[in-house]
Amino acid sequence: MNMKHILKILALLVVVAATWITLLETSVVPHHYTWLLPVYLVVSLGCYGLLMVGVGLMLFPTCPQEAVLLQKDIVEAKEFFGRRGVDVGSD
Amino acid sequence: MAKLEEIDTDEYEKIMAANKMKRKKYSIIIPTYNERLNIALVIYLIFKHLQESEFEVIIVDDGSPDGTQDIIKQLQDVYGKDRILLRARPKKLGLGTAYVHGFKHASGDYIIIMDADLSHHPKYLPNFIRKQIQTGASIVTGTRYVRHGGVHGWNLMRKLTSRGANVLAQTLLWPGVSDLTGSFRLYERSAFEDVISSCVSKGYVFQMEIIVRASRKGYHIEEVPITFVDRVYGSSKLGGSEIVQYLKGLVYLLFTT
């Protein structure tokens, strides 16, 4: 059986947490900066999400011509059924 | 290329028999409720666009009070009871069980599910079929959110919630498909049977559950662009409770798939 998805996410979080703790323990990066890293991470993720939503909204694919084509199809279908006695009057 | 006279009859018959054996049958399952007018239009368009394939349409009507089943019977007179199967149920019993019910009566090698309200246009059916043949995929799902796909009839708010919901679902679930709530899909028979047996959700969360579970199980999934014309303008489908339901569905899928 495949690993459950939630376990994959937890594993990822564990790796991130371990990296953060390592950075805290060693002094590669200044402490006051390291403490705030998780906050930066969450905020960046949030901004990325909002960006994806905004960009997606701007580029949302629309198809107004399809409504027109659909109307043509409906007329064609109604004519077909009118000739064959299928009751397709408006509801 | 051999001239027709040069192929001997035996060889020709073998080729024709092989072709017939390869010819796959498609079962199209359409759940309906009060779709008196739309179902006739959908049937007409299916027969218009699928002239090259062998198929049957299975309509699962949940006791529509508007006479949908009468129209279906008239359609059976036009197209034949062997092409249009009416497998009704006494009342509204849910979408998931409608598919299961339809599947019980399906004789095709492939199962196609689509809506009856013309938001899914049958002209895309050959694209689904061709994609499956070309790639050998187990599942082909229609997506509204890519180039050559699209939506018409949604206002800004609707698009915003759709996009926000999609980004959230992609972040949490990594589903591997761009359109999670779509219900215009083609399944290999065995894949359909396998996945649907493990799904328990209701409504459109059900559509999400199917595709996420299929993705987790490692099925080969391909996408084709589709256009979606929503003629029910200002539909009440996106109230507060719908959003709560969706979030609950996401959490459920996050922990159980």
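In what follows, every heavy atom counts, from backbone to side chain, and hydrogens, waters and symmetry copies are set aside. Letters go in sequence order (proteins before strands), and every chain restarts at 1.
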From CG (L57(A)) to CZ (R163(B)), nearest 0.5 Å: 8.5 Å
Among G49(A), A77(A), P64(A), residue most engaged with chain B (heavy-atom pairs, under 4.5 Å): A77(A)
Gap between atom CD1 of I6(A) and atom CG of L254(B) - 0.5 Å precision: 4.0 Å
F60(A) CZ to W154(B) CH2 distance, which is reported to the nearest 0.5 Å: 5.0 Å
Contact check, side chains of K159(B) and T62(A), non-hydrogen atoms, under 4.5 Å: yes
D73(A)/K48(B) under side chain to side chain contact (heavy atoms under 4.5 Å, CB included): CA gap, chis, key distance, verdict: CA-CA 10 Å; D73(A) 283 329; K48(B) 175 180 174 187; 4.0 Å; yes
Contact leader toward chain A among D77(B), V78(B), I43(B), where contacts are heavy-atom pairs under 4.5 Å: V78(B)
Contact origin within T256(B) toward chain A - heavy atom pairs under 4.5 Å: backbone
Interatomic distance, R216(B) atom CZ to K8(A) atom NZ [nearest 0.5 angstrom]: 6.0 Å
L41(B) side, atom CG; F81(A) side, atom CZ - distance, nearest 0.5 Å: 7.0 Å
Chain A contact via L160(B) - which portion, at a heavy-atom distance below 4.5 Å: both
Pairs of heavy atoms under 4.5 Å with chain A: top-ranked of L253(B), V212(B), L172(B), D70(B): L172(B)
Part of V151(B) within contact of chain A (heavy atom distance under 4.5 Å): both
Over 12 non-hydrogen atoms of neighbours within 6.0 angstrom of CH2 in W174(B): yes
Candidate pair V229(B) and Q71(A), rule side chain to side chain contact (heavy atoms under 4.5 Å, CB included), full reasoning: CA-CA 11 Å; V229(B) 177; Q71(A) 283 307 114; over 6 Å; no
Side chain / backbone / both / neither for L69(A) at chain B, heavy atoms under 4.5 Å: side chain
Top contributor to chain B contacts, counting heavy-atom pairs under 4.5 Å, from L45(A), I74(A), V53(A), L59(A): V53(A)
Interatomic distance, T171(B) atom OG1 to I9(A) atom CD1 [nearest 0.5 angstrom]: 9.5 Å
Residue part contacting chain A, namely of R144(B), when any heavy atom lies under 4.5 Å: backbone
Test applied, side-chain hydrogen bond (donor to acceptor under 3.5 Å, both in side chains); reference residue, E66(A); option that passes from H121(B), H152(B), K123(B): K123(B)
Which portion of L168(B) sits near chain A, non-hydrogen atoms under 4.5 angstrom: neither
Proximity breakdown for Q65(A) and chain B, heavy-atom pairs closer than 4.5 Å: neither
Mutual orientation of the aromatic rings belonging to F80(A) and Y44(B) [parallel < 30°, tilted 30-60°, perpendicular > 60°]: tilted
Option that, when pairs with chain A are counted at under 4.5 Å, heavy atom only, ranks first among G164(B), A40(B), G67(B), S162(B): A40(B)
Least distance between heavy atoms, G149(B) atom then P61(A) atom: O-CB, 3.5 Å
